[in-house]
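One-based numbering along the sequence shown.
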Amino acid sequence: MSKFIEAAYFSAKKHRDQKRKGNDASPYINHPLEVANLLANVGKVEDYDVLIGAILHDTVEDTETTKEEITELFGATVCGYVLEVTDDKSLPKAERKQLQIEHAPHLSNGAKLIKLCDKISNIRDVMENPPDFWDDERRLQYVEWGRKVVAGLRGVNENLEKHFDELTEKAIQEINKKV
Ligand code: ZN
């Protein structure tokens, strides 16, 4: 538990100057906290390495955090999860999105759980607080891409998969009603 608190504090400091993309510009740390909360309270996940990996999952991709720092403070298992869900930002965005679909089935179970909750959090955000310049078509494409990634993550947690399915079905209905 104390390691989880340490990770939450570490992540909050690393993300301190960042905001989410949505129109409410909420503090970035809300997102990793939501991912960890989904794992613990919807998925009933109790593995601290997974929960700590969740709270840290965007630090290497979006801040100056190194894998050495994470290994030293939180261990190699946690660092492995974080790296598994970290995109290679030197690649063009379309390629990164395609690679997420291709890599999903090959992730460890811990990384699959984190990725599944990451997609739930991001899609919920895009539905509730889309960036101002996102139209319905772009939101629909985002939800559909999320579904393709999650297709490769299935079989790890029934509650979370059900939560994802309900969320995306509702999202698609809502967007289609307006289009
Ligand atoms: Zn994320």
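- Among residue pairs with one or both ends in residues 119-140, those qualifying as ring-ring contact (aromatic ring centres under 6.0 Å, His included) are Trp134-Tyr142; sequence neighbours excluded.
- In terms of modelled atom types and a separation under 3.5 Å, the side chain of Glu46 and the main chain of Ala40 share no donor-acceptor contact.
- For Asp118, there are no salt bridge (charged side-chain N to carboxylate O under 4.0 Å, His left out) partners at least two apart in sequence or on another chain.
- In summary, of the residues considered (Val85, Val50, Val150, Leu107), a side-chain contact (heavy atoms from CB on, under 4.5 Å) with Lys112 occurs for Leu107 alone.
- Phe4 and Tyr9 fall into different hydrophobic clusters, where Ile, Leu, Val, Met, Phe, Trp and Tyr side chains are chained together by heavy-atom contacts under 4.5 Å.
- Using a 3.5 Å distance cut-off with no hydrogens or angles, the side chains of Glu61 and Thr86 do not pair a donor with an acceptor.
- The distance from the CG atom of Leu38 to the NE2 atom of His163 is 5.0 Å, given to the nearest 0.5 Å.
- Side chains of Lys115 and Gln100: a donor-acceptor N/O pair is present below 3.5 angstrom, by distance only.
- Glu161 contributes a side-chain N or O that, together with a main-chain N or O of Asn157, makes up a donor-acceptor pair within less than 3.5 Å.
- Inspection of the Ser26 and Arg20 side chains reveals no N or O donor paired with an N or O acceptor under 3.5 Å.
- Side chains of Ile29 and Ser11 form a contact here, defined as non-hydrogen atoms less than 4.5 Å apart.
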Note to self: Pair Leu153, Phe164 - check side chain to side chain contact (heavy atoms under 4.5 Å, CB included), show working.
What the structure shows: CA-CA 11 Å; Leu153 303 172; Phe164 178 85; over 6 Å; no

Ignoring hydrogens and angles, write down the donor-acceptor pairs under 3.5 Å from the side chains of residues 68-83, residues two or more places apart or on other chains.
unit_1	atom_1	unit_2	atom_2	d
Glu69	OE1	Thr66	N	3.0
Glu69	OE2	Lys14	NZ	2.9
Thr71	OG1	Lys67	O	2.8

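- Using a 4.0 Å cut-off between charged side-chain N and carboxylate O, Glu6 and Lys3 make a salt bridge.
- Asp58 and His31 form a side-chain donor-acceptor contact under 3.5 Å, judged by distance and modelled atom types alone.
- The salt bridge (charged side-chain N to carboxylate O under 4.0 Å, His left out) search around Glu166 returns Lys162, not counting sequence neighbours.
- In terms of modelled atom types and a separation under 3.5 Å, the side chain of Arg16 and the main chain of Lys13 share a donor-acceptor contact.
- Checked by atom type and distance alone, the side chain of Asn159 pairs as donor or acceptor with a backbone atom of Val42 at under 3.5 Å.
- Under a 3.5 Å cut-off, the side chain of Thr63 and the backbone N or O of Thr59 do form a donor-acceptor pair.
- Residues satisfying the salt bridge (charged side-chain N to carboxylate O under 4.0 Å, His left out) test with Glu128, not counting sequence neighbours, are Arg124.
- For Asp62, the salt bridge (charged side-chain N to carboxylate O under 4.0 Å, His left out) partners at least two apart in sequence or on another chain are Lys89.
- Side-chain atoms of His57 come within 3.5 Å of backbone N or O of Ala54 as a donor-acceptor pair.
- Looking at Glu102 and Gln98, their side chains do bring a donor and an acceptor atom within 3.5 Å of each other.
- Between Met1 and Ile5 there is a side-chain heavy-atom pair separated by less than 4.5 Å.
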- Query: Between Lys21 and Val126, does a side chain to side chain contact (heavy atoms under 4.5 Å, CB included) hold up when you go through it step by step?
  - Reply: CA-CA 9 Å; Lys21 278 195 300 245; Val126 157; over 6 Å; no

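- When the side chains of ILVMFWY residues are joined at heavy-atom separations under 4.5 Å, either directly or via intervening members, Ile123 and Leu113 end up in a single hydrophobic cluster.
- Across all their heavy atoms, Ile120 and Leu167 have their closest contact at O-CD2, 3.5 Å.
- Electrostatic pairing of Arg154 and Asp165 counts as a salt bridge here, judged by a charged N lying under 4.0 Å from a carboxylate O.
- The shortest distance between side-chain heavy atoms of Leu56 and Thr65 does not fall below 4.5 Å.
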